[in-house]
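Reading through the structure tokens given below for one structure.
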Amino acid sequence: MSVSSPPPLDFLGLRDLLSPEERMVADAVRRLVDERVIPVIGQHFERGTSLLEVVPEMAGMGLFGMHLQGYGCAGMSSTAYGLVCQELERGDSGVRSFCSVQGSLVMFPIRAFGSEEQKLRWLPKMAAGEVIGCFGLTEPDFGSNPAGMLTTARKDGGSYVINGRKRWITNGTIADVALVWAKLDGKIRGFLVEKGAPGFTSYEIEHKMSLRASITAELIFEDCRVPEDSMLPDVEGLRGPLGSLNEARFGILWGALGAAAACYEAALDYATNRVQFSRPIAGYQLTQEKLVQMLTEISKGQLLAYRLAQLKEAGRCTPAQISMGKMNNVRQALEVARTARSILGANGITLDYPVIRHLLNLETVYTYEGTNEIHLLTLGREITGISAFE
Ligand code: TGC
Ligand code: FAD
């Protein structure tokens, strides 16, 4: 298979540690991003439109639920999934978000906690990109603390009746199925709510200045009636949504490095060509210090991501370790993007370069899937044994 562009930013030669299949999938996704995402993503971001035209190709490459086994899923390694997230987010965080929500936040919980009928019904179509899913956990007044959610479900004959609101839901207006977390008799349960279910409406949240090439929505449930086989039978409590988030956070800790790499590459290219005073700005020590710092943080983040993938494949990766990866890699990616923006000077604020778009996107990535502070406190609890959340 020919490779149309250089391998991913890889100062430490991590590519040597990858299997042939992992290299092949990363290269294929890199080509997809080079050819189908990067040329148009600036326009999508400016207009606030999602890049849905690449969904069939992503599905055709087996990217949706790629780390799951059976039911039409590709069954690839955690490392391959991480590499794919890194490549997708080199294009845009919104494209990686689509993959995270579909594969990790909707397909994973159906695979892990669903009935056989639910798995057979939803997973093959979701893997094929024929059915789009969304994940409704956050509410207007309950973000970092989902345990306090107000959305309820009650049993009524052969149905459940759902009431409440979910906010900031990626793909909420285009999803064919929403995985909605609601309290049934005080215990959190997951419900698969189909588009068009009576009492279920959604609208898109406008005026976002971040993740503009991704749809974000509010979901409203007013006596929304779903059949009783809509509930995921095998999970109760926060373990359901948090277990799913663990999968998605693993993808994000890789993905953020892709956004950082795109910013680094743009800054390096700009600095070697932009002449001020007597030479290219890359020739000034202050610029070199910035570039070296960026490259070093990206490389350290990749080592962390690779080690977490090894642990995950061995079944030994803990939520606290994932928190360290999400907190560190997103925080550093944001720092890299800000530094890259400074190297580009005034040009750094235009969509003619990818940097400001990645920088604005990373502000969302810093907040969703557990804020920077929540992951910090998760680690604080892990090492002290004392919870500082409440
Ligand atoms: P805690 O008592 O720690 O745990 C409750 C139960 O959950 C289990 N658990 C986990 N399981 C798997 N992975 C994890 N990361 C887990 N963390 C906890 C735990 O074992 C326990 O199970 P069990 O069986 O004993 O009941 O829960 P807590 O109430 O102390 O948690 C507090 C806190 C703050 C850590 C938690 O609420 C939290 O993580 N808050 C952040 C909320 C969040 O991340 N929301 C994200 C919404 S979705 C989203 O942002 C998608 S963006 C999509 C895109 O990419 O576009
Ligand atoms: P809050 O929880 O109100 O936090 C505000 C600030 O207070 C943060 O800095 C936080 O760290 C801090 N804080 C909170 N509690 C503490 C504490 N105990 N100690 C110290 N500091 C604290 N959610 C979904 O369910 N599904 C989705 O698909 C989804 N997609 C999203 C897409 C986008 C574009 C965005 C922006 C968000 C999305 N979210 C989604 C929601 C996201 O997960 C929440 O925004 C996030 O969990 C934080 O919640 P919040 O915004 O209510 O902030």
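Order of appearance sets the numbers: ligands from 1, and atoms from 1 within every ligand.
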Check whether any protein heavy atom sits under 4.0 Å from atom 46 (C) of ligand 2.
-> yes
In the protein, which heavy atom is nearest to atom 33 (C) of ligand 1, and how far is it?
-> F389 CZ, 4.3 Å
Select the closest option to atom 38 (C) of ligand 1 among V235, I169, V365, L242, judged by heavy-atom distance.
-> L242
Per-atom contact, atom 7 (O) of ligand 2, protein heavy atoms, under 4.0 angstrom | no
R36 bridged to E57 by N-O distance under 4.0 Å = yes
Under 3.5 Å: N/O of S144 near N/O of ligand 2 | yes
Donor on one side chain, acceptor on other, K290 and S342, under 3.5 Å | yes
Side-chain donor-acceptor pair under 3.5 Å between K208 and T216, yes or no?
-> yes
Counting heavy atoms only, which part of T367 comes closer than 4.0 Å to ligand 2: side chain, backbone, both or neither?
-> both
Looking just at side-chain N and O atoms, do Y368 and S97 make a donor-acceptor pair shorter than 3.5 Å?
-> yes
Identify, for atom 37 (O) of ligand 1, the protein heavy atom at the shortest distance, and state residue, atom and that distance.
-> P146 CD, 3.4 Å
Mark whether atom 2 (O) of ligand 1 lies under 4.0 angstrom from at least one protein heavy atom.
-> no
Indicate yes or no: does an N/O atom of T170 lie under 3.5 Å from an N/O atom of ligand 1?
-> yes
Looking only at non-hydrogen atoms, which of H375, R239, R381 approaches atom 8 (C) of ligand 1 most closely?
-> R239
Flag for S159-E228: side-chain donor and acceptor within less than 3.5 Å = no
Which atoms of ligand 2 have any heavy atom of T138 under 4.0 Å away?
-> 23 (N), 24 (C), 25 (O), 40 (C), 41 (C), 42 (C), 43 (O)
In terms of side-chain geometry, is the basic nitrogen of R96 or E89 positioned less than 4.0 Å from the acidic oxygen of its partner?
-> yes
Ligand 1 atoms in contact with G370 (distance to a heavy atom under 4.0 Å) = 43 (C), 44 (O)
What's the shortest heavy-atom distance between M58 and C99, and which atoms?
-> CE-CB, 4.0 Å
Nearest heavy atoms of E369 and K326, plus distance in Å = O-CE, 3.9 Å
Y160 six-ring face occupied by K155 cation (under 6.0 Å, within 45°) = yes
Using distance alone, decide if ligand 2 has a nitrogen or oxygen within less than 3.5 Å of any nitrogen or oxygen in W168.
-> yes
Give the atoms of ligand 1, by number and element, whose distance to some non-hydrogen atom of V101 is under 4.0 Å.
-> 53 (C), 54 (C), 56 (O)
What do we get for L245 next to ligand 1 when only non-hydrogen atoms under 4.0 Å count, side chain, backbone, both or neither?
-> side chain
Do any nitrogen or oxygen atoms of I169 lie less than 3.5 angstrom from nitrogen or oxygen atoms of ligand 2?
-> no
Polar-atom distance check: L211 versus ligand 2, any N or O pair below 3.5 Å?
-> no
In ligand 2, the atoms that come under 4.0 Å of a heavy atom of F389 are 18 (N)
N246 neighbourhood, listing ligand 1 atoms whose heavy-atom distance to it stays under 4.0 Å | 13 (N), 14 (C), 15 (N)
When distances are taken from atom 12 (C) of ligand 1, the protein heavy atom at minimum range is G243 CA, 3.3 Å
Under 4.0 Å from a heavy atom of L105: give me the atoms of ligand 1 that qualify, with their elements.
-> 51 (C), 53 (C)
Just heavy atoms, cut-off under 4.0 Å: does F135 contact ligand 1 by side chain, backbone, both, or neither?
-> side chain
Sub-3.5 Å donor-acceptor pair from the side chain of R381 to the main-chain atoms of G385, do we have one?
-> no
Number the atoms of ligand 1 from 1 as they appear, then name those within less than 4.0 Å of a heavy atom of S97, with their elements.
-> 54 (C), 55 (O), 56 (O)
Would one find an N or O of T371, backbone or side chain, under 3.5 Å from an N or O of ligand 2?
-> yes
Under 4.0 angstrom from atom 25 (O) of ligand 1, is there any protein heavy atom?
-> no
Within-cutoff protein neighbour (heavy atom, under 4.0 Å) for atom 38 (C) of ligand 2 = yes
Note: ligand 1 atoms sitting under 4.0 Å from heavy atoms of R96 are 55 (O)
Tell me yes or no: between the side chains of E218 and S202, is some donor less than 3.5 Å from an acceptor?
-> no
Are any non-hydrogen protein atoms located under 4.0 Å from atom 12 (C) of ligand 2?
-> no
Any ion pair linking E35 and R30 (charged N to carboxylate O, less than 4.0 Å)?
-> no
Are E335 and Q293 linked by a side-chain donor-acceptor pair shorter than 3.5 Å?
-> no
May I ask you to say whether R90 pairs ionically with D34, meaning some side-chain N is under 4.0 Å from a carboxylate O?
-> yes
Which part of T170 is near ligand 2, with near meaning a heavy atom under 4.0 Å away: side chain, backbone, both or neither?
-> both
Atom 35 (C) of ligand 1 protein-contacted (non-hydrogen atom, under 4.0 angstrom) | yes
Test item: side-chain donor near acceptor, Q118 and R121, under 3.5 Å = no
Please indicate whether any nitrogen or oxygen in N145 is less than 3.5 Å from any nitrogen or oxygen in ligand 2.
-> no
Where on L211 is there a heavy atom closer than 4.0 Å to ligand 1, on the side chain, on the backbone, on both, or on neither?
-> neither
Answer yes if a protein heavy atom lies under 4.0 Å from atom 55 (O) of ligand 1, otherwise answer no.
-> yes
Give the atoms of ligand 1, by number and element, whose distance to some non-hydrogen atom of G143 is under 4.0 Å.
-> 42 (C)
Between side-chain atoms of residues 61-69 and protein atoms elsewhere (two or more places apart, or another chain), which donor-acceptor pairs fall under 3.5 Å?
from, atom 1, to, atom 2, distance (Å)
H67, NE2, E247, OE1, 3.4

For atom 52 (O) of ligand 2, which protein heavy atom lies nearest, and how many Å away is it?
-> G143 CA, 3.3 Å
Logged contact type for L137 with ligand 2, heavy-atom cut-off 4.0 Å, is both
Relative to ligand 1, is L238 under 4.0 angstrom through side chain, backbone, both or neither, heavy atoms considered?
-> both
Heavy-atom contacts with Y368 under 4.0 Å: which atoms of ligand 2 show up? List them by number with element.
-> 31 (C), 32 (C), 33 (C), 37 (C), 38 (C), 42 (C), 43 (O)
Please state which part of S144 comes within less than 4.0 Å of ligand 1, counting heavy atoms only: side chain, backbone, both or neither.
-> backbone
Ignoring angles and geometry beyond distance, decide whether T216 reaches within less than 3.5 Å of ligand 2 through its nitrogen or oxygen atoms.
-> no
Using heavy atoms and a threshold below 4.0 Å, how should the contact between E369 and ligand 2 be classified: side chain, backbone, both, or neither?
-> backbone
Hey, does T138 come in under 3.5 Å of ligand 1, counting only N/O atoms on both sides?
-> no
Pair Y71-E116, side-chain donor/acceptor within less than 3.5 Å = yes
Heavy-atom protein contact below 4.0 Å for atom 20 (O) of ligand 1 | no
For atom 3 (O) of ligand 2, is the nearest protein heavy atom under 4.0 Å away?
-> no
Cut-off 3.5 Å, side chains only: do D92 and N361 have a donor facing an acceptor?
-> yes
Quick check: does P319 get an N/O under 3.5 Å from an N/O on ligand 1?
-> no
Closest to atom 39 (O) of ligand 1 (heavy atoms only, candidates R249, E369, E236) is R249
